[in-house]
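Report on the structure given below.
Just so it is clear, the structure is predicted and the values come from calculations on it, not from any experiment.
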Amino acid sequence: MEIIDTSAPIAVKDAKDVFETKSSFFDKMKTKIFPATHHTPAIKPYVFNETNLTRLILWAAAANLPADFFGAEMKRNMYVYGPTGCGKTRMAQAFAARTGRSLFRVQCSKETTLSDLFGSWKLCGKDQGMTWVYGKVCQWAMQANSILLLDEWDQVPADVAMGLNGILDGAPIHLDQTGEIIQIAQGCMIMATGNTNGRGSAGGQGGSAAIYKGTQKMNIANQDRFNVMFETYLSEEQEIALLVNLTKAPLLSAKAMASLAAKVRANFIGLNEDAGAGGMAFQFTITTRNVLNWAMNFNLLTQMGKKVEEAYIEALRMTVLDFAQKDEASAILATWSTIMGTPQTS
Ligand SMILES: Nc1ncnc2c1ncn2[C@@H]1O[C@H](COP(=O)(O)OP(=O)(O)OP(=O)(O)O)[C@@H](O)[C@H]1O
Ligand SMILES: [Mg+2]
């Protein structure tokens, strides 16, 4: 495996420019930029919120501290949880992209095994016999200042997750199959994501996890090794700006779409157990992913010749609304009519 030297930064830049934030909290902060490799993601638009960006910068700073900086060891792992489509995976990619770090992403599931993570023997070509192929965890450990992204970590069975406790503590990897010992390179960091807080709850206020199929209760000792961050949907204002910038939506359309998304989320049980207080709780939500897709489908439908009012509804149905139960869909369409100030048509 060819490894580019990423042990030293190639630049130190103002955090405000690197992360394109307007918050004055970051005025005096500097960020190290590392040499990019073919594992460094491309930069894509992402809006960081101040709290989470602060935690990301602290997390990265801790990973670069000399081992004896404090008497005690700092956690170098971050668990990010929050509702579907709010930008957790995108946040890890955005942070890696902007700081030049390599990102090794493992898409976890209840079938994930330790061989998927660390590596396995594979038959490579008929004359070459069996070759050891490193898993993402080993590739990450060999690349200085890189990020291991354990995506959907709350799907992984607890006994598999426990097999990672050593590397979560920064201990070298012992590969019994090859006899190799891999030291975790300097500055390496781990982020895990999930839809639940790992204790069977899905929202900051304790929303129901039952809607996220397959999620497991994390072993408490495994969870204890992570710092934690709750990520949620953007504010209505931020989402309007995103819609205008990324989907060519006119300002008035963007405002109406972001308003509907905010109203639906307020009733979404996966975000907040008190959802629907005084009204109905939804199993259904409009994610950031979907609000953006609604706007792009709307744009193309109007170009195809659909009337604007119909195009809004058809694009919403096609993007996500036809997944909803009938009563939820009617309630959402009624809310949309109120936002648009028109009588309900379908
Ligand atoms: N803060 C943001 N800035 C820009 N785009 C965003 C932001 N948050 C979400 N998005 C958009 O929403 C899409 C979905 O985000 P992402 O896949 O990261 O969600 P997720 O929280 O990981 O969802 P899941 O729990 O379903 O895996 C992204 O591809 C991006 O287009
Ligand atoms: Mg994700």
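Under a hydrophobic clustering in which Ile, Leu, Val, Met, Phe, Trp and Tyr are joined whenever their side-chain heavy atoms come within less than 4.5 Å, directly or via other members, Val291 and Leu301 fall into different clusters. Each of Met191 and Tyr81 belongs to its own hydrophobic cluster when Ile, Leu, Val, Met, Phe, Trp and Tyr are linked at side-chain heavy-atom distances under 4.5 angstrom. Hydrophobic cluster membership differs between Val228 and Met91, with clusters built from Ile, Leu, Val, Met, Phe, Trp and Tyr side chains linked at under 4.5 angstrom. Side-chain heavy atoms closer than 4.5 Å link hydrophobic residues (I, L, V, M, F, W, Y) into clusters, and following such links, even through other members, never connects Phe34 to Trp140. Residues Phe230 and Leu53 are members of separate hydrophobic clusters, defined by side-chain heavy-atom contacts under 4.5 angstrom among Ile, Leu, Val, Met, Phe, Trp and Tyr.
Taking the six-membered ring for Trp and the full ring otherwise, Phe268 and Phe282 have centroids separated by 6.0 Å or more. Between Trp153 and Tyr79, the distance separating the two ring centers is not shorter than 6.0 angstrom. Two rings, from Phe19 and Phe95, have their centers less than 6.0 Å apart.
Checking side-chain atoms of Thr112 against main-chain N and O of Cys108 turns up no donor-acceptor pair under 3.5 Å. For Thr302 (side chain) and Phe298 (main-chain N/O), a donor-acceptor pair under 3.5 Å exists by modelled atom type. Asn49 contributes a side-chain N or O that, together with a main-chain N or O of Asn52, makes up a donor-acceptor pair within less than 3.5 Å. Looking at Lys75, its side chain does come within 3.5 Å of a backbone N or O of Asp224 through a donor-acceptor pair. Listed for the Gln155 side chain is no donor-acceptor partner under 3.5 Å among the backbone atoms of Glu152. Remark: the backbone N or O of Thr335 is not paired with any side-chain donor or acceptor of Lys263 at under 3.5 angstrom. Listed for the Trp59 side chain is a donor-acceptor partner under 3.5 Å among the backbone atoms of Arg76. With hydrogens and angles ignored, the 3.5 Å screen pairs a side-chain donor or acceptor of Asp5 with a backbone N or O of Ser7. Distance alone, capped at 3.5 Å, places no donor-acceptor pair between the Arg225 side chain and the Leu164 backbone. A donor-acceptor pair is defined here as one N or O able to donate and one able to accept, closer than 3.5 Å; such a pair exists between the side chain of Thr178 and the backbone of Glu180.
In plain terms, the two heavy atoms of Asn222 and Ala161 that are nearest each other are ND2-O, 3.0 Å. Looking at every heavy atom in both residues, Glu111 comes nearest to Asp116 through O-OD2, 3.8 Å. Contact record, Pro157 with Ser109: CD-O, 4.1 Å, taken as the closest heavy-atom pair. Considering all non-hydrogen atoms of both residues, Pro83 and Thr232 come closest at CG-OG1, 4.0 Å. The two residues Asn293 and Arg289 make their nearest non-hydrogen contact at ND2-O, 2.8 Å. Across all non-hydrogen atoms, the minimal contact from Pro41 to Ala97 is O-CB, 3.3 Å.
Under the 4.5 Å side-chain criterion, counting only non-hydrogen atoms from C-beta, Gln283 is in contact with Glu328. With contacts defined as side-chain heavy-atom distances shorter than 4.5 Å, the pair Pro35/Ile10 qualifies. Side chains of Leu103 and Gln93 form a contact here, defined as non-hydrogen atoms less than 4.5 Å apart. Put simply, the side chain of Leu150 does not reach to within 4.5 Å of the side chain of Val156, judged on heavy atoms. Side chains of Asn290 and Thr287 form a contact here, defined as non-hydrogen atoms less than 4.5 Å apart. Between Lys28 and Asp14 the shortest side-chain heavy-atom distance does not fall below 4.5 Å. Residues Leu292 and Leu243 form a side-chain contact, since some pair of their non-hydrogen atoms from C-beta on lies under 4.5 Å apart. The shortest side-chain heavy-atom distance between Ile313 and Lys306 does not fall under the 4.5 Å cut-off.
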For Leu242 and Val47, what are the C-alpha separation, side-chain angles and deciding distance, and is it a side-chain contact (heavy atoms from CB on, under 4.5 Å)?
CA-CA 8 Å; Leu242 205 63; Val47 182; 3.9 Å; yes
Can Val320 and Trp294 be said to form a side-chain contact (heavy atoms from CB on, under 4.5 Å), step by step?
CA-CA 8 Å; Val320 63; Trp294 176 18; over 6 Å; no
For a side chain to side chain donor-acceptor pair (under 3.5 Å) check, start with the C-alpha distance between Ser330 and Asp327, then their side-chain angles and the critical distance, and finish with the verdict.
CA-CA 5 Å; Ser330 316; Asp327 50 351; over 6 Å; no
For the pair Arg105 and Gln107, evaluate side chain to side chain donor-acceptor pair (under 3.5 Å) and give the outcome as yes or no after the intermediate values.
CA-CA 6 Å; Arg105 177 181 178 189; Gln107 192 72 55; 3.0 Å; yes
Under the side chain to side chain donor-acceptor pair (under 3.5 Å) rule, what do Asp154 and Thr196 come out as? Steps first, then yes or no, please.
CA-CA 7 Å; Asp154 58 353; Thr196 71; 2.7 Å; yes
Are Phe284 and Asn267 close enough, and set up right, to give a side-chain contact (heavy atoms from CB on, under 4.5 Å), and what steps lead you there?
CA-CA 9 Å; Phe284 174 88; Asn267 287 308; over 6 Å; no
Could you please spell out the steps behind the side chain to side chain donor-acceptor pair (under 3.5 Å) verdict for Lys255 and Ser259?
CA-CA 6 Å; Lys255 281 187 172 168; Ser259 164; over 6 Å; no
Assess whether side-chain contact (heavy atoms from CB on, under 4.5 Å) is satisfied between Phe226 and Met78, documenting all intermediate values.
CA-CA 5 Å; Phe226 287 91; Met78 180 66 82; 5.6 Å; no
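Atom OG1 of Thr31 and atom CD1 of Ile57 lie 5.0 Å apart (nearest 0.5 Å). Between the CG atom of Leu149 and the CD1 atom of Ile190 there is a distance of 11.0 Å, given to the nearest 0.5 Å. Atom CD1 of Ile173 sits about 4.5 Å away from atom SG of Cys138, to the nearest 0.5 Å. Ser115 OG to Trp121 CH2: the interatomic distance, rounded to the nearest 0.5 Å, is 12.5 Å. Annotation: the span from Met162 atom CE to Leu168 atom CG amounts to 10.5 Å, rounded to 0.5 Å. Rounded to the nearest 0.5 angstrom, Gln177 CD and Ser120 OG are separated by 8.5 Å.
Using a cut-off of 4.0 Å between Lys/Arg side-chain N and Asp/Glu carboxylate O, Arg98 and Glu20 are scored as salt-bridged.
Considering only residues two or more places apart in sequence or on other chains, Thr37 meets the side-chain contact (heavy atoms from CB on, under 4.5 Å) condition with Ile4, Thr6, His39, Thr40, Ser102, Gln143. Under the side-chain contact (heavy atoms from CB on, under 4.5 Å) criterion, Asn297 pairs with Ala315, Met318, Thr319, not counting sequence neighbours. Residues forming a side-chain contact (heavy atoms from CB on, under 4.5 Å) with Ala62 (at least two apart in sequence, or on another chain): Met74.
One side chain, Thr193 or Asp151, offers a donor N or O that lies under 3.5 Å from an acceptor on the other. Side-chain atoms of Ser24 and Asp27 include no donor-acceptor pair closer than 3.5 Å. In this model, a donor atom of one side chain and an acceptor atom of the other lie less than 3.5 Å apart for Glu50 and Ser23.
With a 6.0 Å cutoff to the six-membered ring centre and a 45° limit on the axis angle, Arg265 counts as a cation-pi contact of Tyr233.
Tyr312 and Trp336 have perpendicular rings, their planes meeting at more than 60° on a 0 to 90° scale where under 30° would count as parallel.
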